[in-house]
Structures are given as C-alpha cells and as structure tokens.
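Order of the sequence lines fixes the chain letters, A, B, ..., with proteins taken first and strands second; residue numbering starts at 1 for each chain.
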Protein chains: 2
Amino acid sequence: MKSASSDAADFLLEDFLPYELSVAANRISRLFARRYSEAFGLSIAQWRVLAVVGRHQALSPGQVADATEMDKVKVSRAAASLVERGLLSQQTDPQDGRARVLRLTEAGRAIHSSIVPLARDLEAQIEARMAPQDWAALRPALRRLSMVVAELEGE
Amino acid sequence: MKSASSDAADFLLEDFLPYELSVAANRISRLFARRYSEAFGLSIAQWRVLAVVGRHQALSPGQVADATEMDKVKVSRAAASLVERGLLSQQTDPQDGRARVLRLTEAGRAIHSSIVPLARDLEAQIEARMAPQDWAALRPALRRLSMVVAELEGE
DNA sequence: GTCGATTAGTTTCAAATGAAATCAGCGTCA
DNA sequence: TGACGCTGATTTCATTTGAAACTAATCGAC
C-alpha cells in the first residue's frame, strides 16, 4: 500500500511551490514590463540598471550586475542602450582602465525620478489588494526562501 | 521638503517586491532546472508537461497549456520532444480532428514516477530550511498575490 | 621591467522564445 | 451542401538570451 503523498499520480503542479513562485513572478514581470514599456519604453533590465545607478552615484557594470542579480552580458547590453538613449554616461574608470563608470545624465536623472514613483505606485496597488497579514508575511518569507535556495544552489 | 519615501534617490531595488519575487523565482528555477537536466535530461517545460499529463490521464495540448500557464507554442515544442523521446504519445482526437490527445507511454509513466519524488524532495529540502511560520505563510500569500496581479494585468 | 595569470567588459554564435502566420478541421447558417 | 468564420495546433521568423570566445588592462612573480 502506498501513502497518498508518495503516489506520483497525485502530484499537483499547482500546489508545487517552485511552480507557484514561477507563475506569480512571471505575471508580475509581465505587468511590470508592460507598464514600463508603455510609459517609458524601458525593459526590465534597463529599468533595473537605471534604478541602481540612480541610487548609487556611480557604478561599474560589474557592480550593477551584482546589485541587480543580472549577468554581465545583460547589464552590458542594457547599459549600452541607455547610453545610446542619452540616459546614462559611461566612461573608462581613471583608476582602472578595464573598468567603466556608469552615471545618470541629466536626462537620466529626470527619467529616474519619474520611474521610481511608478514602481512605488504599482507596489502600492498590489499591497492595497492583499490582506495585511499576507502582505506582511510575504517579504520576509520570500527573502528567507531566496537565501535557502541560494544555499542549495551552491552545494 | 520631501518625505523619505517619495525621494527617488532612496529607492531600494532589493526591497521592491517584484524584484525580490523575480530573484527568488529565478534562483529556484535555476536549481530546479539543473537538477532535472542532470538527472533526466528534462527542461522545466518538459517536466511540467509530464507532470500534468501524468496526473490527468489524457490531455490536449491546449489543456496542458492552461494547466501549466505556458503558451501553446512552448507546450507544442515540449510535447514534440517528449514524443520524440518516447515518453509521450500524441494521437489525433477521434472526437475532434483538430485536437490531439497526449498520454504517457509506458516509459513516460516510469519516468513520471521517478521525477515526482525528486520534486517532492526538493520542496521538502526547502521547507526543512525555513521557519515553519514562513513556510506556512508563503503559499497562501503567493496565491493571493498571483490572483491580485492577474486582476491588475487584466485591466 | 616583462611575462603569465587574472579580471572587467564586450562580442559572437547557437539555442530559446513568442508573436504572427499558417494549416487543418469543426460548426453554422443561408 | 458549401462557404465563412472559428478553434486547435504547428511553423516561421525576428528577437532575446546566455555561454563561451575575445579584447583590453591590471596584478604578481621573478
């Protein structure tokens, strides 16, 4: 005799945490991507680069990659397109000729101060529709989950 | 004077829910993808198709797409590769010549009963490393979040 | 100093993705 | 019954992705 939970035929994808997480993340990314694409013509990668460069005054692409959890190829391309659009400046680091220094331009600072409220607004819209205890529980649980998975990944 | 929360320069990407969710989901997907690729040579898309076809006896590609939240192109390709590998059978639906019926083959049933325990195991490993209240809170909060975002998407 | 190893960033190329076009079969209404 | 629209699924094609190769510059050992 088999116990219910060990029977493969009973496996429910929709109750499987990695699946639920992936679905939720994809939905929110689509929503987010659509809003930023419509309002500013920005991809999520570009948005992330603007957000972290706006927060710290000057960052290298490598630092941006660390801060955004994106790979260096993605950062390189996002930064190139933002430089192209005149939102970012990229100079060779005077201390290290291999490295680059990314900064917001004036136009970049302007767009940065427009995109951040939209992000806060989106988050607030979500929060407003959730039960306070769900909302409050989500962030620490998610953070813990991220840590746990990072550990498992590294093994 | 500006309040702290409305100053764009103070925006912290790492405290932004959509970002945190995306990071957590990507990490778990990478871990999951690596394990299934190593152990069975399966992609996540293929894994999902096997999981839902294994649960329901016979499904059309469209039903699989609904059940897995994947688009029909992805399902079509995943199913084709599984048929290729002899894990799935695909026949024309006798009731409707446009539709197809996907079923597990014998080999498919065998692999299905191997992959499900690995999924449960992975989930259990994560659960074991989380505080019980975080774990317990995560699922309902995530489900609610998914619903909320789906609503916002549809507007 | 200079040579090999390493690091920062970019580019290349093959694989994955998904929107739109296509194909095939069903239903219906005149 | 046959023409039109609709639906299920696949294919095409342009775009995105990321691993690996490449370029350029620093670092460290001798």
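Under the 30°/60° scheme for interplanar angles, the aromatic rings of A:Phe16 and B:Trp47 are found to be tilted.
For the residue pair B:Ser43 / B:Arg77, no side-chain donor-acceptor distance below 3.5 Å is found, with atom types taken as modelled. Using modelled atom types and a 3.5 Å distance limit, the side chains of A:Gln46 and A:Ser81 yield a donor-acceptor pair.
Whole-Å rounding puts the A:Gln63 CD to C:dA8 C1' distance at 11 Å. Between A:Lys74 atom NZ and D:dT15 atom C1' the separation is 13 Å, expressed in whole Å. Computed from coordinates, the A:Arg34 CZ to C:dA19 P distance equals 12 Å when rounded to whole Å. Spacing between atom NZ of B:Lys72 and atom C1' of C:dT17 amounts to 15 Å, rounded to whole angstrom units. The CZ atom of B:Arg100 sits 12 Å away from the C1' atom of D:dT7 (whole-angstrom rounding). What separates CD of A:Gln91 from C1' of D:dA25 is a distance of 18 Å, to the nearest Å. The distance from atom CD of A:Gln46 to atom C1' of D:dT16 is 13 Å, rounded to the nearest whole Å. In this structure, B:Asp71 places its CG atom 15 Å from P of D:dG8, rounding to the nearest Å.
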Pairs under 3.5 Å (N/O, protein and nucleotides 24-28 of chain C):
from	atom 1	to	atom 2	distance (Å)
C:dG25	N2	B:Arg98	NH1	2.9
C:dC26	OP1	B:Gly97	N	2.8

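None of B:Arg143, B:Arg120, B:Arg55 except one satisfies the salt bridge (charged side-chain N to carboxylate O under 4.0 Å, His left out) rule with A:Asp15; the exception is B:Arg143.
Nearest to the side-chain atoms of A:Ala99 among the listed nucleotides C:dA8, C:dT17, C:dA21 stands C:dA8.
Within 4.0 Å (heavy atoms only), B:Gln90 reaches sugar-phosphate atoms of the nucleic acid but no base atom.
With rounding to the nearest 0.5 Å, the separation of CZ in A:Arg109 from CZ in A:Arg103 is 10.0 Å. If you take CG on B:Leu102 and OG on B:Ser60, they are separated by 7.5 Å, rounding to the nearest 0.5 Å. Separating the CD atom in B:Glu69 from the CD atom in A:Glu20 is a distance of 11.0 Å, to the nearest 0.5 Å.
Close to C:dT10, at under 4.0 Å from its OP1 or OP2, lies a side-chain N or O of A:Ser76.
Using a 4.0 Å cut-off on heavy atoms, none of the residues of residues 36-45 of chain B approach DNA chain C.
Between B:Leu145 and B:Leu17, the closest side-chain pair of non-hydrogen atoms falls below 4.5 Å.
Between the base of C:dG18 and the side chain of B:Arg77 there is a donor-acceptor pair shorter than 3.5 Å.
Electrostatic pairing of A:Glu127 and B:Arg144 does not count as a salt bridge here, judged by no charged N lying under 4.0 Å from a carboxylate O.
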